[in-house]
Every structure is written in structure tokens, then in C-alpha cells.
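Here is the structure we will look at, set down as C-alpha cells.
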Amino acid sequence: MKLNKRERAHPEVEKILLFCIQSKPNLKACVAFRVSPSSSSLIQFRVLLRAMRASWADLAANSAAAAENATSRPVYVPPHLRNRPPPAEAPAPASASNAGSRWGAPRNKEFRGRSSGGGSGGWDRPEVNPFGDEKEGADAEEAFNEQENTGINFDAYEDIPVETSGENVPPAVNTFAEIDLGEALNQNIRRCKYVRPTPVQRHAIPISLGGRDLMACAQTGSGKTAAFCFPIISGIMRGQPLQRPSRGVRAVYPLALVLSPTRELSIQIHEEARKFSYQTGVRVVVAYGGAPINQQVRDLERGVDILVATPGRLVDLLERSRVSLQMIRYLALDEADRMLDMGFEPQIRKIVEQMDMPPPGVRQTMLFSATFPKEIQRLASDFLSNYIFLAVGRVGSSTDLIVQRVEYVQESDKRSHLMDLLHAQRANGVQGKQALTLVFVETKKGADALEYWLCRNAFPATTIHGDRTQQERELALKSFKSGNTPILVATDVAARGLDIPHVAHVINFDLPNDIDDYVHRIGRTGRAGKKGLATAFFNDSNASLARSLADLMQEANQEIPDWLLRYASRSSFSSGRNRRSGGGRFGGRDFRREGSFSRGGSDYYSTGNNSGGYGASSGYAGGYGTGVTSAWD
DNA sequence: AAAAAAG
């Protein structure tokens, strides 16, 4: 079937595709055309109806159901007590000895398919199983997705050094069984096929369960999302019943807020968190820009415990008084260094400091990232109270799994060079599918142009960047993940956090200006303990990155071309902001441990974040030379 | 100088 229409996103095309979905249940894909943004020619592409069918059916069901019951919940009921018959007397307190477990995890029977008639809580419909246990007809695509997808390669995470600082750091655990997360959550952990906690989870979860604030640096792809989700979900389940404020009738009162820098990352965190909270009664809602706000408001009104959001949309919701942060007990910033850099900091300050969120010390705050420059650590300490700093990683650890290559390529040769790489990559295909290749470029225009050029040269490519509609962005990501379009051209919107299985190759077609961005970009491959390849095109315009790139590669035991070392030594005098200072033997360093000589000591300690305790560390800062880089500071 | 995040 061919759709000779102009644009995929055009409403008329939407209608036609929707018609196909509804009238041809067995139709899996169709071909459509759209006009290239950079020329007037038509680009042919396949539309995966199967994927769209699922999401649209969901959408339709949601809006229909939301319309029919828009009831609001008057009283807070702790999640583990929801969906039970109305109790004759007050439920037993958590400490009561009821059959060994104080969790009272609901049994499946009374849980599934129960439409809340008289319950005080109220789920409007059965919870969708996010694990998709009941499969309806596996096809080739699912086989591709499931292949090798047996969870995380935990062996890759043994013996990774860890640095913690702060007062009274709780000891790490070695198994999930040691942690009292509750039966429902444990079951979800099993469903996720997580056998053992990753290092960051081993350390971060006890710290968070202990009620402590946390600043955590851990390699890309090492399980940070679960590290902050588990304690939040567990803590909410454990929580005492609270009366939520009733003034401001329209507002909802989430108990936890998770912020992330891009919409797709928020979507991903939401999907993860929904898996972890399945059948725990903890409700997770996501809110982000570029999508209709009304649907998100309806989702919120159906009840929210954990709100995952991007900053802009959240500010919008706060200003409309649809959301109040008054009841926030947990605040998590993913990619925290990004969230606190120049572009985002004012918005984050507004959300965290100038709305009605409880202050540090009252709420619990967790910051996670793979990179944490010291300037950002200083900013971040405003949001924290007596926090523990955690760095997980060993020299070259995450990057051990990633083979890094740098090639000298003139600007004008980049395309033909890329084509060589892609041809080589074709041979590495799995089951007739080309291995996934993620190509980073510097600009949105450049992304469109490269996508067009690749398509014209018979490479199935798509692109994701901020000038595309949200629908196009999500479709591009979906098409890439499914292997249908095995080449994705991306700006930095895709640099952080996105977990895309089977990315075999990250190509830095244009290198970023900041080495931290490079770390995050290449971290899209080599995830969950699997190997990956990263290739960078370097030329004169990247000279300012040479030093930090060479240092990073050296730390990761990578082969460094001589010409790059020459660039590095040439640029060594330019004290660019790219140079990492004071790296350590491994991992990031707590900025509080940097010798107080450099900035008049009391600066740090006056915030009340810590009361001494670092006296013994004064010799530490001097022990490590300048210019030693680390992927995790 | 660019990207991202509200519409």
C-alpha cells in the first residue's frame, strides 16, 4: 500500500494510517512518503503499523475511560492498602505481626481486574501489565528484540572500586534479598531479570533507604534509574497514611518528583518506574512538553504518587495550579549535572526553591549522573542536606566495554567516511538486520541534511532533534529501536540517558565541545555490561577537545593515535574548561574533599551540609596530579 | 556557537 501524501505528521495522513490500523488488523506495515525538509524531493519510508496500533489503541482507551469517570480521591490511602475491600476497622499498623511480612502485598486475585466500586482508593481500570507477559503472537521483530535480552550482564560489574564520603555512610548490600524492599517490588525485580544489584544500586539503595540525601556518579548504563526508583517506591509503600491538603481542589499532590532533561528520557524513566511499581499500588505519571497537556492532566487527576517530568511542562502545570509540590518527600534529578548547568538551572531553582516544595532536610533529595563537574557539585549542594557523595567506577570501567576510536577526517570527507563505516557495519548485522548505529551531529539542520543524504544513498536512516515534532521524535526512536531504521542521526537530545538495546556503534560525526557530552554520547552503547564501539571524526575544529579526549581515552586504556597526542600536547597550555582537573584514581571526587585552601574553606561548610569529618582528607587533593581525567567527575 | 525545555 502506498500513501502518496506529503507528510507523515499531516493530519490527513494520520487519518489514513488510523483507518489502516482499524480496518486492516493484519496489516503490519505500509509505505509512505514525506517531503524532505532540505529539498523538495520525496523520501520514502516504512510505517510500522503494529507499533502504532498499540499506542493508538492505548490512547483511545485512555481518553474514553478518563471521560467516563473523573472522580477525585478525597483521602490519601497508602498504596499497599488500596484495592482492598473497605475495611471494617482501621487496618493494622505496619508494625503488627501479620504473617511474617509487614508489607501486606496484595494478592493477584483481588488485584487484577478489580474496578473500584466501593474502595476508598480507586483504580479506574485494571493495571496494564508493563512486562507484557501475555504475548499475542510473537513475530520476527520481537524475536530480534528479545535476542540476547536476558537482563544485565552482571559479571561485568564485579570488583568495581567505589568511593563514598559523608557522615555515617550506610554499608552496601550484595543482594536484593538483603534489602527489605517488599514482596511486590521484589517480584518486579525478578520479572526484570535483575539477579544482583549493580554496584551503584548496592550502595545507593541502602543510602536512600536510610533516608539520606545522595549525590551519585556512576557509569553510563549501570542501572541508575532503578537505584533511585526502588527506594522511592519502597518508601511510598511504607509511608504512613497522610491526609492530603484539600484546598486548591484542582491540584494533585505527588509524593515523589523525578526530573530529567529530555522528553524521551522522561518517557523512558516512566516506563521503567511503571515496571518497578507494578502491583505495588504506587502510581507513576509522566508529564512533558510537545504533547497535549490535557491528557497529562487527566492522567494526573487519576492519581499520582511519583511524577516524572521535564522542567518546562512541570513549571506550566505548577503555574496552572494543577500540581502542588507541597507533599513531595522524594526529589530525584536524573542527569543532575545537565539539569543544573546554565540552560536549566533557573528553571530547576524555580521548581525546587520557589514553589511549595519542602526544603532540604524535610524532603529527601537524590542526584544522579555519570558526570559531575565540581562547579555543578557546588551548585547542587544548595539542594541537599548532609548528603553522601558516591562515586562508582574504576579506571576505564564503563569505557572498558566500549572500544573508542578517533579518526582524523576533514569536514568535507566526513560523509564518505561515514559511508565506509556503515558499509562495514552492514556485515555485522544480526539475523539479516543491520546492527544499530547512532550518529551524533552538532546541529539540527545538520541532522536533517545527513538523514536526507543517507536515505538518498540507500541507508535507512531517521533523525531525532528538537525541531521535529514530539510525534516524529518518538516515532524515530521507536523505528530505530525496532531495527526498522537501523541508523539514527541525532543531536545531543539523544546524548543522555536513553537506553537503546543493541546499539552496536556510536559515531561522533561531529565531536561535542565538552568532554562530558562525549562521555554521555558514547555511553549509548556498551550498556548493561555489553560491548560497544565508538568512533569519532576529529579535525582542526575539535582541537580544544584534544587534551581531554586523549586523557579520557588513556584512562580507559584505549589506543590513542599519535597525531591526537600531538594535538593534546599543543593545546595543553590552553586551560580550557574542557580539561578535567583533579581527577582521581577512579571515579568522581566529592568537591567537599578538594582542599579548602583553594576557596576559603568556610564556603562549603557554612551551608550546613556537613560538619567537618573531612579533616583527614586534606592531603588527598594534592596526591593526584592535575589534568588526570576521569569519566565520572 | 548549539542544543534542550512551554506554547
Side-chain angles (χ1 to χ4, degrees), chain A residues 9 37 257-270 286-297 300 307-323 333-352 354-355 369 371 376 411 438-451 463-474 476-477 488-498 506 508-521 523-524 537 539-545 574 576-578:
Chain A
L257 177 63
V258 180
L259 291 173
S260 95
T262 66
R263 298 165 183 172
E264 286 74 17
L265 185 51
S266 281
I267 293 169
Q268 177 184 304
I269 294 168
H270 173 244
V286 66
Y288 54 88
I293 198 168
N294 291 339
Q295 178 63 44
Q296 291 172 5
V297 168
L300 288 166
L307 175 57
V308 183
T310 48
R313 177 53 59 92
L314 178 60
V315 167
D316 194 354
L317 289 164
L318 290 168
E319 283 171 350
R320 296 179 189 214
S321 298
R322 306 311 292 248
V323 171
L333 302 192
D334 201 9
E335 309 299 341
D337 58 331
R338 179 79 184 81
M339 302 298 284
L340 294 171
D341 82 4
M342 284 201 323
F344 274 116
E345 198 225 354
Q347 268 183 313
I348 301 300
R349 264 190 205 284
K350 174 167 187 170
I351 292 167
V352 177
Q354 288 153 36
M355 305 305 288
S369 184
T371 54
I376 304 286
E411 212 59 43
L438 183 50
V439 183
F440 281 105
V441 295
E442 197 57 23
T443 66
K444 295 178 277 199
K445 231 177 93 192
D448 277 337
L450 188 57
E451 178 214 19
T463 182
I464 185 168
H465 60 70
D467 272 357
R468 305 200 79 194
T469 68
Q470 189 54 30
Q471 205 173 21
E472 287 172 322
R473 287 166 57 160
E474 285 172 40
L477 200 54
L488 180 64
V489 183
T491 60
D492 269 330
V493 70
R496 283 171 175 264
L498 294 188
V506 169
N508 274 291
F509 189 89
D510 302 317
L511 272 165
N513 295 311
D514 191 312
I515 192 67
D516 286 343
D517 291 335
Y518 174 83
V519 169
H520 285 276
R521 285 180 178 188
R524 293 320 96 209
F537 295 172
N539 60 41
D540 281 359
S541 65
N542 310 114
S544 66
L545 193 72
S574 70
R577 65 187 165 90
N578 293 326

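Here is how names work: the chains are called A, B, and so on, in the same order as the sequence lines, proteins then strands, and each is numbered from 1. Since this is a predicted model, take the numbers as computed values, not measurements.
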Side-chain touch A:His520/A:Asp514, heavy atoms, less than 4.5 angstrom |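 Of all side-chain heavy-atom pairs linking A:Asp514 with A:His520, none is under 4.5 Å.
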With respect to the phosphate group of B:dA4, does any side-chain polar atom (N or O) of A:Thr491 fall under 4.0 Å of OP1 or OP2?
-> yes
Are any of A:Lys445's side-chain N or O atoms less than 4.0 Å away from OP1 or OP2 of B:dA2?
->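 So the side chain of A:Lys445 is outside the cut-off, no N or O lying under 4.0 Å from OP1 or OP2 of B:dA2.
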May I ask you to decide whether A:Asp492 forms a salt bridge with A:Arg521, counting only side-chain N to carboxylate O separations under 4.0 Å?
-> yes
Rounded to whole angstrom units, what separation is found between the [atom1] atom of [X] and the [atom2] atom of [N]?
| X | N | atom1 | atom2 | result |
| --- | --- | --- | --- | --- |
| A:Glu335 | B:dA5 | CD | P | 13 Å |
| A:Asp341 | B:dA5 | CG | P | 13 Å |
| A:Leu314 | B:dG7 | CG | P | 13 Å |
| A:Leu545 | B:dA1 | CG | P | 19 Å |
| A:Asp514 | B:dA4 | CG | P | 16 Å |
| A:Asp510 | B:dA1 | CG | C1' | 13 Å |
| A:Glu264 | B:dA5 | CD | C1' | 12 Å |
| A:Arg468 | B:dA4 | CZ | C1' | 17 Å |

Check whether the side chains of A:Asp448 and A:His465 place a donor and an acceptor atom closer than 3.5 Å, and report yes or no.
-> yes
Determine the contact category for [X]: base if any of its heavy atoms lies under 4.0 Å from a base atom, sugar-phosphate if only primed atoms, P, OP1 or OP2 are that close, otherwise nothing.
| X | value |
| --- | --- |
| A:Arg338 | base |
| A:Gly289 | sugar-phosphate |
| A:Arg473 | sugar-phosphate |

Taking B:dA4, B:dA2, B:dA5 as options, the one with an atom nearest any side-chain atom of A:Arg263 is B:dA5
Looking at the side chain of A:Asn513, which of B:dA5, B:dA3, B:dA1 is the nearest nucleotide?
->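 Closest nucleotide among those given: B:dA1.
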Could you walk me through whether A:Glu474 and A:Gln470 pass the side-chain hydrogen bond (donor to acceptor under 3.5 Å, both in side chains) check?
-> CA-CA 6 Å; A:Glu474 285 172 40; A:Gln470 189 54 30; 2.9 Å; yes
Run the numbers on A:Ser369 and A:Met339 for side chain to side chain contact (heavy atoms under 4.5 Å, CB included), then give the verdict.
-> CA-CA 10 Å; A:Ser369 184; A:Met339 302 298 284; over 6 Å; no
